[in-house]
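As a basis for the values below, the full set of heavy atoms in this structure was taken, side chains included, without hydrogen atoms, waters or symmetry mates. Quantities reported herein were computed from a predicted structural model and do not represent experimental measurements. The first residue of the sequence shown is numbered 1, and numbering continues consecutively from there.
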Amino acid sequence: MNDSSWGAQQGAGYWGTPEMGAAPAGPANDVHAAQQTRPMPIVPDVPDEGRDADDRNRDAARVSGPLFRDESPQEPMSTTLPPQPHKKRAGRDLRAAIGVGVGLGALVVGSLFIVKAVFVGVIALAVVVGLWELTSRLKERKGINAPLVPLAVGGAAMVVAGYVRGSEGAWVAMALTALAVLVWRMTEEPAGYLKDVTAGVFAVFYVPFLATFVAMMLTADDGPWRVLTFLLLTVVSDTGAYAVGWRFGTHKLAPRISPGKTREGLFGAVGFAMVAGALCMQFLIDDGSWWQGLLMGLAVAASATLGDLGESMIKRDLGIKDMGTLLPGHGGIMDRLDSLLPSAPVVWLLLVLFVGSG
């Protein structure tokens, strides 16, 4: 808006209106003018008697209404931000998980191909730590006192017996360990005896007995390659399930047991494991064939998934997320053995059927 819209232009050096009386410009008056940041409208002093109601209303609106504004209606500004796309995130520290996985892989592969006896010691150590985690969680969450000492000693002995004496040695060591659990628990009060020894015998079968099949694989002439094939198939199966399930998983596999697992992840486990099995049997195993690897990969994907679900069932019953905290990004030793343990007898049996035990 310009000056002419508010009346006649005033002479230079004066401020005010003719009705107020023009005042000469000066320092005091200039300061007063500078402080006046909002000009007031000029309303002629006209008697109300000579004006109708519409004129009076228009004058009142000009005096009271805001000045220098756009009278056109304004659309309210929206302060709602657009929805951000949801990003899937892994449930664990991925960097720590990768670092620990690489370290464990280097330890296993190094001991496997340098001295077989060292790798047997690695298996026995993993069994003892796994039994400690399992019995500790049973005691904390359920009040079950499965005796750790006979379990740890007998479990390590079972692994060594399986490596030295084969399946016969493993069975005998398992029977003696179960008997030791029964006797050891007799030194305490009778209350809770049945549940304690039942949990102990279950632990004997679940951890050291299944792990003994890995030691028995190692006794063959190409034993290190058999064990490496077993490890690769299980790890690749878990990786395929995670990758495909994280990216495409929408249909739950077993929501009451493990809500994070999906059918798409299972298909990923099967596909990845079958490809890895074909490659391993063709290039790593003496007298092996690619079609045998396809069958082995399918079997390992099934056993690894069932093993994972089995431990998830145990942890859900105990009300815990992980069996331990020894491995950053992974949980405990048992959280890594869950799919390996049930896959060990499956791979051992198929290798014996396909290429023999030697």
Cluster link Val153 to Val183, ILVMFWY, side chain under 4.5 Å
no
Exactly one candidate in Val207, Val201, Thr135 meets side chain to side chain contact (heavy atoms under 4.5 Å, CB included) with Leu151; the answer is Thr135
Could you measure the distance from the CG atom of Leu131 to the OH atom of Tyr206? Nearest 0.5 Å is fine.
11.0 Å
Checking side chain to side chain donor-acceptor pair (under 3.5 Å) for the pair Lys261/Ser258: CA distance, chi angles, key distance, verdict?
CA-CA 6 Å; Lys261 292 179 178 57; Ser258 182; 2.9 Å; yes
Would the number of heavy atoms belonging to other residues, nucleotides or ligands and lying under 6.0 Å from CZ of Phe267 be above 12?
no
Do Leu266 and Thr262 come within less than 4.5 Å of each other through their side chains, counting heavy atoms only?
no
Does any non-hydrogen side-chain atom of Phe354 lie less than 4.5 Å from one of Ile285?
no
Heavy atoms only: give me the nearest Phe202-Ile314 pair and the separation to one decimal.
CZ-CD1, 3.9 Å
Between CG on residue Leu210 and CG on residue Leu337, distance to nearest 0.5 Å
10.5 Å
According to a 4.5 Å side-chain heavy-atom criterion applied to Ile, Leu, Val, Met, Phe, Trp and Tyr, with indirect links allowed, do Val164 and Val159 form part of one hydrophobic cluster?
yes
Just verifying a value: how many Å separate Ile144 CD1 and Lys195 NZ, rounded to the nearest 0.5 Å?
6.0 Å
I'd like to check Asp221 versus Asp286 (side-chain heavy atoms, cut-off strictly below 4.5 Å). Are they in contact?
no
Closest non-hydrogen atom pair between Pro147 and Val181, with its separation
CG-CG1, 3.7 Å
So do Leu182 and Tyr193 actually touch side chain to side chain, heavy atoms under 4.5 Å?
yes
Sub-4.5 Å side-chain heavy-atom contact between Arg316 and Pro259
yes
Among residues two or more places apart or on two chains, list those pairs meeting side chain to side chain donor-acceptor pair (under 3.5 Å) that have a residue in residues 173-192.
Arg185-Asp196
Between Val214 and Trp348, is the side chain to side chain contact (heavy atoms under 4.5 Å, CB included) condition met? List the steps.
CA-CA 8 Å; Val214 183; Trp348 175 82; over 6 Å; no
Below 4.0 angstrom, N of the basic side chain to O of the carboxylate: do Asp317 and Lys142 qualify?
yes
Sidechain-backbone polar pair: Ser237 side chain, Leu233 backbone, donor-acceptor under 3.5 Å
no
Tell me whether Val109 shares a hydrophobic cluster with Val120, the cluster being built from Ile, Leu, Val, Met, Phe, Trp, Tyr side chains joined at under 4.5 Å.
yes
Nearest 0.5 Å please: distance from the CG atom of Leu341 over to the CZ atom of Arg336.
12.0 Å
Assess the residue pair Thr250 and Glu264 against the criterion (side chain to side chain donor-acceptor pair (under 3.5 Å)); give the C-alpha distance rounded to whole Å, side-chain angles, the decisive distance to 0.1 Å, and a yes or no.
CA-CA 7 Å; Thr250 55; Glu264 292 80 3; 3.2 Å; yes
All heavy atoms of Ser303 vs all of Pro342, minimum pair found to be O-CG, 3.7 Å
Please answer whether the main-chain N or O of Ile320 pairs with a side-chain N or O of Lys315 as donor and acceptor at a distance below 3.5 Å.
no
Are Leu218 and Arg226 side-chain neighbours, meaning at least one heavy-atom pair lies under 4.5 Å?
no
Salt bridge or not between Arg165 and Glu168? Use side-chain N to carboxylate O under 4.0 Å.
no
Side chains of Met174 and Thr212, heavy atoms from C-beta outward: is any pair under 4.5 Å?
no
For a quick test of reading the model, state the closest non-hydrogen atom pair linking Gly268 to Val244 and the distance between them.
CA-CG2, 3.7 Å
Is there side-chain contact between Lys116 and Tyr163, with heavy atoms separated by less than 4.5 Å?
yes
For Met296 and Val346, run side chain to side chain contact (heavy atoms under 4.5 Å, CB included): C-alpha distance rounded to whole Å, both residues' side-chain angles, the deciding distance at 0.1 Å, then the answer.
CA-CA 8 Å; Met296 186 178 294; Val346 172; over 6 Å; no
Of Thr234, Asp238, Asp308, the one forming a side chain to side chain donor-acceptor pair (under 3.5 Å) with Ser339 is Asp238
Are Leu295 and Leu284 connected, step by step, through hydrophobic side chains (Ile, Leu, Val, Met, Phe, Trp, Tyr) whose heavy atoms are closer than 4.5 Å?
yes
Give a yes or no on this: more than 12 heavy atoms of other residues, nucleotides or ligands lie within 6.0 Å of atom NZ of Lys139.
no
Counting only N and O atoms by type, is there a donor-acceptor contact under 3.5 Å from the side chain of Gln282 to the main-chain atoms of Leu279?
no
Identify the heavy atoms of Met274 and Leu294 that sit nearest to each other, and give their distance.
O-CD2, 3.4 Å
Can you name the closest pair of heavy atoms from Pro224 and Leu112 and give their distance?
O-CD2, 3.4 Å
Same apolar cluster (I L V M F W Y, side chains within < 4.5 Å links), Val227/Val352:
yes
Run the numbers on Trp225 and Phe230 for ring-ring contact (aromatic ring centres under 6.0 Å, His included), then give the verdict.
CA-CA 9 Å; Trp225 297 106; Phe230 153 70; over 10 Å; no
Distance-only, no hydrogens or angles: does the Arg137 side chain make a donor-acceptor pair with backbone N or O of Met323 under 3.5 Å?
yes
Mutual orientation of the aromatic rings belonging to Phe213 and Phe209 [parallel < 30°, tilted 30-60°, perpendicular > 60°]:
perpendicular
How many angstroms lie between atom CG of Leu134 and atom CD1 of Ile333, to the nearest 0.5 angstrom?
13.5 Å
Quick check for you: to the nearest 0.5 Å, what is the distance between Trp291 atom CH2 and Met281 atom CE?
8.5 Å
